[in-house]
Amino acid sequence: MRGSLPGPDPRMNNYSPQMDSYSTAERRLIGPLRRLGFLALSPLIKLLAALGIPPNAVSASQVVLGGAVVLTVRDQPRIAFLLFVLALLLDVADGALARYTGKTSRFGMIVDQYSDHAREVLVIAALAYAGGLSPFLAALYGFVYTATNLTILLCNYFRAPLPIAFKTYLVTYPAIFCYLWFAWNWLDLGVSISLLLMSVAILQGLGHL
């Protein structure tokens with residue numbers, strides 16, 4: 001039933017420790033961040049609900065936006081950055097929409113994960129295509145990013161969660177912003193640091209398993 005924007009759906013509490021790629025430290029922030037996301041995006045979420053747009057379609061739209069970044073990154077880098085930000089906002093909105101409309105499901109979480117990863121790889125590929133990022137680092141990022149999230153998910157599934165895991169948005173996303181908005185190219189450095197931090201998370205996760 002639609003109404004005011006709720007908090008996390010209690011019916012999905014049984015998935016939380018098993019079906020996500022969050023560390024213990026991140027999970028402590030999920031509740032407050034979700035509530036903040038509901039407040040910030042409530043007009044968009046209500047509009048999507050009123051239009052009858054399913055959460056899975058919102059998730060999949062990230063892939064389309066990732067493709068749009070590839071097409072615009074060379075000639076219109078600032079537009080490419082805005083498309084990237086829009087994709088990140090939709091990444092928040094899809095889950096919020098699912099909870100708001102009562103359409104949370106495991107299949108929806110899988111679609112969300114696939115869409116997130118496809119978007120991320122497309123954006124990184126776009127940066128390599130534009131000449132701002134080493135193709136080798138871009139290819140390595142696609143593998144390590146996916147392996148990191150899979151490792152954390154498996155740790156949660158087997159109830160051996162990582163206490164903390166540094167994610168790419170802490171380093172890579174600021175480097176993407178500087179490159180696309182100001183043409184300051186720190187991408188190789190930022191991605192290299194992210195690869196190192198993700199590799200540490202993978203090794204730590206394998207140790208927990």
Side-chain angles (χ1 to χ4, degrees), residues 7-38 55-56 59 62-63 66 84 87-88 90-96 98-99 104-125 127 133-134 136-176 186-209:
D9 189 338
R11 292 172 298 175
M12 298 302 291
N13 285 343
N14 62 336
Y15 95 86
S16 295
Q18 301 174 335
M19 296 291 292
D20 63 40
S21 55
Y22 297 119
S23 66
T24 302
E26 286 178 294
R27 191 170 290 111
R28 291 171 183 165
L29 299 174
I30 290 175
L33 289 176
R34 280 181 174 169
R35 287 189 288 272
L36 180 61
F38 291 146
N56 288 346
S59 297
Q62 295 182 67
V63 182
F84 176 54
L88 296 179
L90 292 177
D91 185 24
V92 177
D94 57 4
R99 286 182 286 274
T104 52
S105 68
R106 290 188 176 182
F107 178 73
M109 287 183 287
I110 293 172
V111 172
D112 180 38
Q113 287 285 320
Y114 277 34
S115 299
D116 292 352
H117 283 70
R119 176 212 68 219
E120 192 82 5
V121 171
L122 281 169
V123 170
I124 291 298
L127 297 170
L133 176 63
S134 160
F136 172 76
L137 290 176
L140 192 59
Y141 183 98
F143 171 76
V144 176
Y145 176 84
T146 303
T148 301
N149 285 282
L150 176 61
T151 302
I152 298 172
L153 186 146
L154 289 173
C155 286
N156 291 334
Y157 183 81
F158 289 110
R159 302 188 181 278
L162 294 182
I164 189 169
F166 291 96
K167 296 297 184 66
T168 59
Y169 55 77
L170 297 172
V171 181
T172 301
Y173 288 8
I176 292 174
W186 301 331
L187 287 171
D188 281 359
L189 176 61
V191 168
S192 296
I193 294 173
S194 287
L195 288 170
L196 176 62
L197 294 174
M198 288 190 293
S199 297
V200 170
I202 292 171
L203 292 174
Q204 185 182 7
L206 293 176
H208 274 230
L209 292 171

(message) So L88 and Y173, do their side chains get closer than 4.5 Å, heavy atoms only?
(response) yes
(message) With rounding to the nearest 0.5 angstrom, report the OG1 to CG distance, T172 to L195.
(response) 7.5 Å
(request) Using a 4.5 Å cut-off on heavy atoms from C-beta on, say whether the side chain of F107 contacts that of N56. (result) yes
(request) To the nearest 0.5 angstrom, please state how far the CG atom of N149 sits from the CG atom of L154. (result) 11.0 Å
(request) Would you name the heavy atoms of A98 and P55 that are closest together and state the gap between them? (result) CA-CG, 3.6 Å
(request) Taking the side chain as every heavy atom from C-beta outward, state whether M109 and T104 have any pair of such atoms under 4.5 Å apart. (result) no
(message) If I compare all heavy atoms of S21 with all of K167, which pair ends up nearest, and what's the gap?
(response) O-NZ, 2.8 Å
(message) Nearest 0.5 angstrom please: L29 CG to E26 CD, how far?
(response) 8.0 Å
(message) For A201 versus T151, what's the shortest heavy-atom pair and its separation?
(response) O-CG2, 4.5 Å
(message) Parallel, tilted or perpendicular: which one describes the rings of Y141 and Y145, with boundaries at 30° and 60°?
(response) parallel
(message) Return the CG to OG distance between L140 and S199, rounded to the nearest 0.5 Å.
(response) 7.0 Å
(request) State, to 0.1 Å, how close G190 and V171 come at their nearest heavy-atom pair, and which atoms those are. (result) O-CG1, 3.3 Å
(request) State, yes or no, whether a side-chain contact exists between P163 and Q204 at a heavy-atom distance under 4.5 Å. (result) yes
(request) Would you name the heavy atoms of Y22 and R27 that are closest together and state the gap between them? (result) O-NH2, 3.4 Å
(request) To the nearest 0.5 angstrom, please state how far the CG atom of D94 sits from the CZ atom of R99. (result) 8.5 Å
(request) State, to 0.1 Å, how close A165 and I152 come at their nearest heavy-atom pair, and which atoms those are. (result) CB-CD1, 3.8 Å
(request) Give, for atom CZ of F158 and atom CG of L153, the distance between the pair rounded to the nearest 0.5 Å. (result) 10.0 Å
